[in-house]
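All chains are named by letter (A, B, ...) in the order of the sequence lines, taking the proteins before the strands, and each is independently numbered beginning at 1.
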Protein chains: 2
Amino acid sequence: MLNDRKKKILQTIVEDYIENSQPVGSKKLVECYDLGVSPATIRNEMAELEEMGYLDKPHTSAGRVPSTLGYRVYVDSLMQTNDLKEEEVLFIKKTLENEIIEVNEIVKNIGKAVSDITDYTVFSTGPDVTDAVIEDVKLILLGSNMLLIVVLTKEGSVKETVINLSKTVTEEVIQKLNEIIRIKLKDEYVKNIKIDVLKYISNELSVYVDILFSILNEIMKLINENDITLDGRNNIFKHPEFKKYDLAKSFLDVLEAKQLIKEVLQVEDKDVNIYIGDENEHSEFKDFSLITFKCPENLGIVGIIGPTRMDYAKVLSVIKYINQILKNKYKKGGYVNGEKE
Amino acid sequence: MLNDRKKKILQTIVEDYIENSQPVGSKKLVECYDLGVSPATIRNEMAELEEMGYLDKPHTSAGRVPSTLGYRVYVDSLMQTNDLKEEEVLFIKKTLENEIIEVNEIVKNIGKAVSDITDYTVFSTGPDVTDAVIEDVKLILLGSNMLLIVVLTKEGSVKETVINLSKTVTEEVIQKLNEIIRIKLKDEYVKNIKIDVLKYISNELSVYVDILFSILNEIMKLINENDITLDGRNNIFKHPEFKKYDLAKSFLDVLEAKQLIKEVLQVEDKDVNIYIGDENEHSEFKDFSLITFKCPENLGIVGIIGPTRMDYAKVLSVIKYINQILKNKYKKGGYVNGEKE
DNA sequence: TTTAGCACTTAAAACTTATGAGTGCTAATC
DNA sequence: GATTAGCACTCATAAGTTTTAAGTGCTAAA
């Protein structure tokens, strides 16, 4: 479909534009890159590439800019990932070596590393809870009417919350409730825990049925919640397109829409997905590009968001490297309760 | 020092500028406000006010703008707080009525209410830990080598963290450690807990001295940490001065500097402090105004940050009202373990 | 097929000229 | 003496104009 020269030209334009954020003209292309033909030839090719939909022209006398389709082709078949710089490798290693207590922290470290190295904004969320299996539930009475609920999963996630109890209960009652809940929920897949299971549990114990129900309710909330961590929020200011007030504002507004971000991260597609500009399903993202990365061993999902003129190759190189580290480190089925299995 | 007319003119200029963010001229002043004199007279007065340092002139043909000193005088002696609108009163009441489980949530609710009503950015932090008295410490073994540490204070704050244990320990050992720690720390003022106390505790138990020490260490960290909550981060976009890219950027950068914000909130001055522009000690704040509000009954501290052209009267009215509600609600010495004492 | 040459396009930058809001001063008025 | 009408002056902003330069597309020659 595209001859080699067109491919080369398209690739060069995309890469130059990503680097300099300036429309690329035929003359510059010939001068800076070794293409072996004259500007006129390039112009002819560029005109064809534009007609085919791979390039856009901001206006007649500007150079060319990649279209969404142009980026798409670049990302799918022209781009190549590179080895990271030594300091980047070291930085990632160091960040991922931070002592990890709880499985959700792994993805937090990843998010931090990626945002620092790429200069983009990164959001991340821990292991998918619906795949999780409950390991243990602990109820701890604090004072006379606060209850700390801790849910542990086999994957090593620890989730806690504190609730108010509607009436005062004794340590013994709590222990009994805890025992019941533990027996019923231990080794259960989170996705299988439905309201009727909870009803069944609460039926067994009629005196404290209201307390039990509110505890179970809270447990449901806990295990189904997945917090979003945001890194490098202000990194947008490092990219010239965001000097436009409105774009910066809409970007920052998107970051605040946690629910939206949750949805966007829950893609059931490949492990690494790239959504360029208006390829994004949600219109709020149409001026940005999004790369999602599902970490191996269900460690979590990371989303990198930046301008459509994003350094896709760089981001993917980083992801690739991190993916490899994670695979080695957490090879055999995940990270459980603070140690490798 | 300032005659009544000058006061009236200064007040009117400040208020008009706060409302419209446009330099105020003599003609407009006479037209819109009932001053009873001609523009020429106003001009003479304004020239004097400028000479005295209360007004600034962006340029010859612009109107006047309050200087820091002008705002200062306004805030100190000209401004009057107003009753809130009914819907604002209702909104605050509703927000503060949210079920509160833990004492730190009160100030979070306050922060949210203030940022929603004032359209400024608000940060908040819970009760001052150094005044706190430890109520209880709970150690809960999760799996074989994760330990959940919970510290309760008499004030009703609950702080938790999970640590990795360097070696596997049994439930019994943890119980024993917990007992020792509880006895030593219960009813102790946080500010009195020093390293030597901890050393003394750990000396009593020599076998697990390293584990105990890391637990104590973590408890120290926990009780001395005070998280900052941020509300209405993107509210800055509601104020025209932040259409200037650089100002918006520096504002958002300040918000990320959590350590700086912590310092700024720890003022040991009055309960309500107003820092206008370059009155701020930290140069990062010199383009903004900051109002700090120390909630009654040591519930926490709230900081409201906005442009120097901030609606001080509005913010103070809101603070005043909230202060009154809090005083009534938590009258007798605070909020303990989920209920009023 | 490639390219030199050139007329054409156009955004952005650099000037230029209004416009108008606001001032400060002077001299007349209350 | 305080106030104000009148008016020349200032200056940022907006609007309009010209220049510049980067880039294009087309034609005809290589």
Phosphate OP1/OP2 of C:dT3 contacted by A:Ser38 side-chain N/O (<4.0 Å): yes
B:Glu50 CD to C:dG22 P, straight-line distance once rounded to whole Å: 15 Å
Aromatic contact, B:Tyr71 with B:Tyr312 (centres under 6.0 Å): yes
Side chain to side chain contact (heavy atoms under 4.5 Å, CB included) between B:Arg64 and B:Arg43, intermediate numbers included: CA-CA 10 Å; B:Arg64 298 308 208 291; B:Arg43 277 204 290 285; over 6 Å; no
Nucleotide nearest A:Asn44 (side chain, heavy atoms from C-beta), chosen from C:dA21, C:dT3, C:dT9: C:dT3
Lys/Arg-Asp/Glu bridge criterion (N-O < 4.0 Å) met for A:Lys249, A:Asp253: yes
For atom CE of B:Met46 and atom P of C:dA21, their distance in whole Å: 15 Å
Residue mapping more 5' on DNA chain D - nearest nucleotide basis, A:Lys57 or B:Glu45: B:Glu45
Nearest-angstrom distance from the residue atom NZ of A:Lys27 to P of C:dA4: 13 Å
B:Asn235 and B:Thr121 side chains, donor-acceptor separation under 3.5 Å: no
Nucleotide nearest A:Ser61 (side chain, heavy atoms from C-beta), chosen from C:dT3, C:dG20, C:dA11: C:dA11
Heavy-atom donor-acceptor pair, B:Ser124 side chain to B:Ile301 backbone, under 3.5 Å: no
Sugar-phosphate, base or nothing in reach of A:Lys28, heavy atoms under 4.0 Å: nothing
Presence of B:Arg43 side-chain N/O under 4.0 Å of C:dA21 phosphate oxygens OP1/OP2: no
Spacing of A:Ile42 atom CD1 relative to C:dT2 atom P, expressed in whole Å: 10 Å
Span of DNA chain D, from the first to the last nucleotide whose atoms fall under 4.0 Å of chain A heavy atoms: D:dA22 to D:dG25
Euclidean distance, atom OH of residue B:Tyr17 to atom P of C:dA21 [Å, nearest integer]: 19 Å
Main-chain N/O of A:Asp16 paired with A:Asn20 side-chain donor or acceptor, under 3.5 Å: yes
For atom NE2 of B:His59 and atom C1' of C:dG20, their distance in whole Å: 11 Å
Set of residues satisfying side chain to side chain donor-acceptor pair (under 3.5 Å) with respect to A:Thr41, sequence neighbours excluded: A:Ser38
Touch class at under 4.0 angstrom, heavy-atom based, for B:Thr60 against every strand present: sugar-phosphate
Spacing between B:Leu49 atom CG and C:dT23 atom C1', to the nearest angstrom: 15 Å
